[in-house]
There are 2 protein chains.
Amino acid sequence: MRRATLSRERVLQTAMAYADAQGIDALSMRRLAQELDVVPMALYKHVAGKEDLLDGMIEVVVGEIIGATATGFWKQDVRERILSARKTLVRHQWSRTVLESRSAMTPAMLDYLDSLTGLFIDGGLSVDLTHHVMHALGNRMWGFSQELFAATPRSDTSSFTAQRDALPRQHPHLAQIAMAAAHAGSDARLGPGCDDQFEFEFALDVVLDGAEILHAQHWTSAPRTSSGPRDIRPR
Amino acid sequence: MRRATLSRERVLQTAMAYADAQGIDALSMRRLAQELDVVPMALYKHVAGKEDLLDGMIEVVVGEIIGATATGFWKQDVRERILSARKTLVRHQWSRTVLESRSAMTPAMLDYLDSLTGLFIDGGLSVDLTHHVMHALGNRMWGFSQELFAATPRSDTSSFTAQRDALPRQHPHLAQIAMAAAHAGSDARLGPGCDDQFEFEFALDVVLDGAEILHAQHWTSAPRTSSGPRDIRPR
DNA sequence: GAGACTAGGTGTACTGTGTACACCTGTCAA
DNA sequence: TTGACAGGTGTACACAGTACACCTAGTCTC
């Protein structure tokens, strides 16, 4: 008589669907329970708590990332793997925020990380260089970077237009960029004028190309002088 | 008779000190009020709400970033400015999280952004290239990147050591990196084995060096083919 | 001085959150 | 038949942010 009985699986799936539709902030234990036609505390039989719920959701998302077929070229393989990760994470907007908020790694995250690392090492990069390039990738390895410009200037409604008009005077350089982007993009605002996908790939390629150069130069991390890889120079 | 009367200034300062000491999660309107020997609602006469409080705190932190003295070399200027930002943000650990959670820009953020942009443009980089390089920097421009490896594997206490022992088998590539880092660093864990500052500067330099190369090549963004700057090649 | 205005601290109360804990109930093994 | 147990229920608590009505002390004007 019970409606399709609960399970961790079903809890996670419903939570994800809800977060997809209503946003991660709208997802509370109570709402989720309601969504499942169940009393809030019922969830705790399948999930240790909210933290565990979020961990579980991330686990599912990361598990959805499909591996790339090896081409033999590490750079291309890494590129495709990360763009594939991006596709997955973009389907679930909330995962960016949640992933960032997590402080411990889940098994699926470790798997992804390890396989990505493997692409570099198997491609011939030194362990040393691979390590630092992974750091350089940062969260980009998950398929997103901080879309900083997505943050529009303060929208106090009142001061907004004022600030917008004053922008060229107060922030001439930002105005230049905004206008250039507006020329190629949709409208004049700082954010939506940018092509997220393009920006992402640009940044990704800067890092991968840098890695390739350092690799070709047999770069090795100095005995921690903290001066970085300052030996890349054009020509 | 009133103890040193409240002010937005004092509210923000106290909030920052509290967050510095107790962490951002411990900071609630009620705790903050208590800290100021005042009833919670008193804060709302100086701050519109919690969001505004956080915005204000960020405003102060970002305002603390000191400008660099121009050397005439854009790359070095940018580098120093960002490392200076890093120094400031590192003093207030919580600012990383808060900055990321903000969805709108505050005036101080716009100022910083504009001045950073100016360093590129005044250095001779095209507006186009500057734009994309800013994106490539991402949050690194604020002095932090996602310290991904800071997240240790699940610490279930029980499964932790098990997982640690099994790591070389299940995640051979991560194990390689961990061992290499342990050799140079402190202990064998994935996180603390890394020198945060070094990693940060490495990543920063990869991006800046990439920018320099593209600049020297008179790079220009293709008519949005979304294929990125794939024309950097060693030799 | 007298009254009004006001900036700013107070008190109470409401909604929403995560979750501890005791409880009930249906299923299945012995 | 029994009784263990997996899993859904109900109540209750502490904590969050904040709306709203209130009080109070200082200042400004006549």
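So you know, we letter chains A, B, ... as the sequences are listed, proteins then strands, and number each from 1.
- If you take OG1 on B:T5 and NE2 on B:H46, they are separated by 6.0 Å, rounding to the nearest 0.5 Å.
- Computed from coordinates, the A:L6 CG to C:dT27 P distance equals 17 Å when rounded to whole Å.
- Counting only heavy atoms from C-beta outward, the side chains of B:L83 and B:L204 approach each other to under 4.5 Å.
- Spacing between atom CG of B:L43 and atom C1' of C:dA7 amounts to 16 Å, rounded to whole angstrom units.
- B:V39 comes within contact range of at least one nucleobase, with a heavy-atom separation under 4.0 Å.
- Judged as a salt bridge (Lys or Arg N to Asp or Glu O under 4.0 Å), and not counting sequence neighbours, the contacts of B:R8 are B:D52.
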Spell out protein contact along nucleotides 13-18 of chain D as letters: B when the base is contacted, S when just the sugar-phosphate is, - when no protein heavy atom is under 4.0 Å; keep the 5' to 3' order.
---BBB
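- Looking at heavy atoms from C-beta onward, A:H173 lies out of side-chain contact with B:F120 at the 4.5 angstrom threshold.
- B:D20 places no side-chain N or O within 3.5 Å of a backbone atom of B:H92 that could act as its donor or acceptor partner.
- In this structure, B:R86 forms a cation-pi arrangement with B:F200, its terminal cationic atom sitting closer than 6.0 Å to the ring centre and no more than 45° off the ring axis.
- Between B:V61 and B:V98 the shortest side-chain heavy-atom distance does not fall below 4.5 Å.
- Here C:dG8 presents its P atom at 9 Å from NZ of B:K45, a figure rounded to the nearest Å.
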As a check on the pairing definition, encode DNA chain D in dot-bracket form, counting Watson-Crick and G-U wobble pairs whose two distances are under 3.5 Å, and using | for partners outside this strand.
||||||||||||||||||||||||||||||
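- In this structure, A:H46 does not reach the D:dA6 phosphate: none of its side-chain N or O atoms is under 4.0 Å from OP1 or OP2.
- Phosphate proximity of D:dG8 to A:T5: present, with a side-chain N or O under 4.0 Å from OP1 or OP2.
- Annotation: the span from B:R81 atom CZ to B:M141 atom CE amounts to 12.0 Å, rounded to 0.5 Å.
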